[in-house]
Amino acid sequence: MGMKYDYPDSPLYRLRHSAAHLLAQAVLELYPGAKLGVGPPIENGFYYDFDLPQPIGEEDLPKIEAKMREIAARNLDIVRIETSREEARQLIEQIGQVPYKLELLDAIPEGETISFYQQGDFIDLCRGPHVQNTSEIKHFKLLSIAGAYWRGDERNKMLTRIYGTAFFTQEELEDYLHRLEEAKKRDHRKLGRELGLFMIAPEVGPGLPMLLPKGATVRRVLEEFILKEELRAGYLHVRTPEIANLNLYRLSGHYPYYKDSMYPPMVFEDGEELILRPMNCPHHFLIYKSEPRSYRDLPLRIAELGTVYRYEKSGELSGLIRVRCFTINDAHVFLRPEQIKAEVQHNIELIQKVYQRLNLTDFWYRLSLRDPDNKEKYIDDDAMWETAETALREALDELGLEYIAVKGEAAFYGPKLDVEVRDCLGREWTISTVQLDFLMAHRFDLEYTGEDGKPHRPVIIHRAPIGSFERMMGFLIEHYAGAFPLWLAPVQLTVLPIADRHLEYARQVYERLREAGYRVELDARRETLGYKIRYHQTQKVPYMLIVGDKEVEGNLVAVRSREAGDMGQVTIETLLERLQQEITD
RNA sequence: GCCGACGUAGCUCAGCGGUAGAGCGGCGCACUCGUAAUGCGCAGGUCGUGGGUUCGAGUCCCACCGUCGGCUCCA
């Protein structure tokens with residue numbers, strides 16, 4: 001995290017900001033009449049938004065980049081100019097940067113300094129800071145071009161955004177470009193095809209992936225793992241239907257808000273409206289409500305691998321990461337307000353177990369709180385918010401966990417705790433969430449009988465350690481680059497007989513492992529050993545077991561590990577022990 | 001949904017107005033092989049779909065569908 005939060009004050013940030021200005025200047029010189037939007041540094045580079053007099057494409061980037069280099073070489077000093085609001089307005093009109101820059105000017109709060117930065121005849125409304133001279137901007141590259149709504153609002157005009165990156169040294173730049181290449185190689189969509197994990201058929205529909213046998217195996221192993229852990233943690237699993245009467249979502253209050261993400265209802269002649277569910281919560285609430293609950297029953301943990309359907313806009317779909325039908329590792333915990341802290345800790349423990357098993361080590365917690373200056377966005381119950389936010393903080397503090405607290409990120413019905421993970425390429429993902437909910441118990445009139453014999457409202461926790469299985473699988477494929485750990489690998493071992501005369505023994509080895517519960521394949525093809533090894537290596541099988549004359553004779557197998565290569569011969573017994581050991585680790 | 005780019009054999013890609021190509025994969029034959037590709041041969045495409053321009057269209061134009069990069073939204 002460290003670097004990220006210092007980043008806005010860092011020299012690199014400044015360099016990239018200046019690179020963005022350089023880009024803007026180049027575009028204005030090449031396309032007179034272009035209007036400037038905004039052009040900030042971003043995590044891995046910078047962008048600038050333009051309203052261009054003509055459409056441009058990716059093929060125009062080299063030309064723009066060349067112009068940038070030309071301008072940089074002019075050794076222009078970058079000068080800060082402070083003005084009054086009125087002067088600023090005149091200046092913007094004079095340089096013809098209406099309407100966008102004027103809108104930005106108007107958005108600057110009263111009393112704040114208004115500044116421009118000038119380099120040569122280019123001048124731009126900007127807070128700064130910048131490097132001192134354009135010649136300092138040396139190691140940069142334009143990467144892509146995209147549309148972006150003015151001020152991020154889809155009702156506004158779409159501008160043309162040019163993305164680029166910049167570094168202090170050529171080496172860092174190349175390193176970054178190399179990382180982008182690596183990310184491409186790990187793309188779960190590419191690996192999904194190469195490793196036979198899943199497919200998407202337009203005939204079925206976009207955003208509706210189908211798991212192939214190997215992908216389904218990974219999914220099943222993940223499911224078995226989480227179900228076992230949840231049973232241990234006291235969850236009760238239920239099964240509920242994937243369609244429901246639309247009134248259920250009118251009751252929950254989701255329908256008006258969530259309508260755009262829901263498939264249209266199926267309307268029958270008698271007026272009944274059924275709908276594909278976009279979430280599992282209401283079903284679980286009704287299960288809670290199906291019998292009277294005592295304070296002694298709480299926390300009550302209702303869990304389900306619940307499949308939901310959300311209509312995502314076509315442009316948002318992406319492999320397994322963003323789909324229209326997915327299964328959440330969902331649960332709703334009903335509890336007394338004083339149980340919040342303990343239950344949150346209970347949740348964190350489960351999350352930690354999951355992450356440990358998945359070998360995710362670089363993760364942290366983000367506490368999303370209400371914005372105290374903007375309370376009308378949230379449900380009105382100060383005492384409840386206070387209790388919940390304090391409980392969340394205490395839960396984390398007691399466990400000695402570091403977290404970042406973000407104000408204004410809470411849901412309108414309660415604060416939440418997200419877990420952010422960094423994958424091996426440094427990209428951040430939000431996988432798990434623990435969300436407090438003070439609203440739905442009211443909406444569904446959920447109660448429990450307290451010690452005092454009176455009815456009370458339970459607090460509800462929504463939580464999903466795995467998030468959606470689809471997204472988790474996409475993440476894991478990229479994180480492991482398709483090389484799943486032994487326990488999760490769709491094919492754990494392949495037996496490779498060297499010649500036909502070893503086939504019988506190979507089959508015995510294969511059967512033995514299969515009976516021991518391993519996912520094993522026998523490659524009986526009449527191919528050379530080198531060919532088979534290469535094939536299974538590219539399929540990322542954790543272990544290959546090679547059997548030839550020596551192994552048949554000594555009742556052994558020669559083990560080749562995906563990571564370490566040839567590991568020598570062992571007996572099957574030894575192999576089984578080692579495999580067992582590796583899986584329990 | 002919006003902006004831009006791209007859809008040619010199962011996969012990766014070449015061809016960009018004049019009779020559809022390569023490598024890998026598949027199948028067949030030979031080889032029976034010791035730690036990342038044995039050799040030879042064969043099959044496989046209404047060039048995303050539908051219109052249009054042209055003597056002639058993977059190749060140019062339009063629409064639709066899909067994919068990719070973004071935006072908005074999100075598990």
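Below, chain A is the first sequence line, B the second, and so on; all start at residue 1.
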On the nucleotide rC71(B), are OP1 or OP2 found under 4.0 Å from the side-chain N or O atoms that Tyr163(A) carries?
yes
Output yes when at least one side-chain N/O atom of Arg189(A) is less than 4.0 Å from OP1 or OP2 of rC68(B), else no.
yes
Roughly how many Å apart are [M] and [N], using the [atom1] atom of each and rounding to a whole number?
N: rC31(B); M: rU35(B); atom1: P; value: 22 Å
N: rG66(B); M: rG56(B); atom1: P; value: 32 Å
N: rC64(B); M: rG4(B); atom1: P; value: 13 Å
N: rG45(B); M: rC13(B); atom1: C1'; value: 15 Å
N: rC24(B); M: rG44(B); atom1: C1'; value: 14 Å
N: rC62(B); M: rU53(B); atom1: P; value: 15 Å
N: rU46(B); M: rA9(B); atom1: C1'; value: 14 Å
N: rA22(B); M: rC42(B); atom1: P; value: 11 Å

Taking pairing as Watson-Crick or G-U wobble with both contacts under 3.5 Å, can you name the mate of [N], or confirm there isn't one?
N: rC42(B); answer: rG26(B)
N: rA63(B); answer: rU49(B)
N: rG58(B); answer: none
N: rU35(B); answer: none
N: rG17(B); answer: none
N: rU72(B); answer: none

Find the distance [X]:[atom1] to [N]:[atom2] and express it as a whole number of Å.
X: Asp51(A); N: rG4(B); atom1: CG; atom2: P; result: 12 Å
X: Trp429(A); N: rC74(B); atom1: CH2; atom2: C1'; result: 13 Å
X: Tyr47(A); N: rG69(B); atom1: OH; atom2: C1'; result: 15 Å
X: Gln539(A); N: rG25(B); atom1: CD; atom2: P; result: 12 Å
X: Met199(A); N: rU67(B); atom1: CE; atom2: P; result: 13 Å
X: Glu154(A); N: rC71(B); atom1: CD; atom2: P; result: 13 Å
X: Trp150(A); N: rU72(B); atom1: CH2; atom2: P; result: 13 Å
X: Leu317(A); N: rC71(B); atom1: CG; atom2: P; result: 15 Å

Identified side chain to side chain donor-acceptor pair (under 3.5 Å) counterpart of Glu182(A) within the set Arg179(A), Arg186(A), Lys185(A):
Lys185(A)
Assert: residue with more 5' nearest nucleotide on RNA chain B, out of Arg471(A) and Arg161(A), is Arg161(A)
Letter per nucleotide, 5' to 3', of nucleotides 33-43 of chain B [B base touched, S only sugar-phosphate touched, - untouched; heavy atoms, 4.0 Å]:
BBBBBB-----
Of the nucleotides [options], which has the atom closest to the [X] side chain?
X: Arg193(A); options: rA75(B), rU12(B), rC2(B); result: rU12(B)
X: Ser314(A); options: rU67(B), rC74(B), rG1(B); result: rG1(B)
X: Ser144(A); options: rG69(B), rU67(B), rC74(B); result: rG69(B)
X: Ala146(A); options: rG70(B), rA75(B), rG66(B); result: rG70(B)

Determine if the base of rG44(B) is syn or anti; take syn to mean the glycosidic torsion is within 90° of 0.
anti
Verify the distance criterion only: is there a donor paired with an acceptor across the side chains of Tyr543(A) and Glu582(A) at less than 3.5 Å?
yes
Side chains of Thr494(A) and Glu521(A): any donor to acceptor distance under 3.5 Å?
no
Classify [X] by what it touches in the nucleic acid, base, sugar-phosphate, or nothing, heavy-atom distance under 4.0 Å.
X: Ile145(A); result: base
X: Val323(A); result: base
X: Glu316(A); result: base
X: Phe469(A); result: nothing
X: Tyr311(A); result: sugar-phosphate

Measuring centre to centre across the rings, with the benzene-like ring taken for any Trp, is Tyr309(A) within less than 6.0 Å of Tyr311(A)?
no
Salt bridge [X]-[Y], side-chain N to carboxylate O under 4.0 Å:
X: Lys35(A); Y: Asp51(A); result: no
X: Arg219(A); Y: Glu470(A); result: yes
X: Glu316(A); Y: Arg310(A); result: no

With a cut-off of under 6.0 Å to the ring centre and 45° to the axis, is Arg324(A) in cation-pi contact with Tyr263(A)?
no
Under 6.0 Å from the six-membered ring centre of Phe46(A) and within 45° of its axis: does the NZ or CZ of Arg16(A) meet both?
no
Quick one: does Glu312(A) reach the base of rA75(B) with a side-chain donor-acceptor pair under 3.5 Å?
yes
Show the numbers, then the answer: is there a side-chain hydrogen bond (donor to acceptor under 3.5 Å, both in side chains) between Glu230(A) and Asn329(A)?
CA-CA 10 Å; Glu230(A) 284 180 349; Asn329(A) 161 225; 2.7 Å; yes
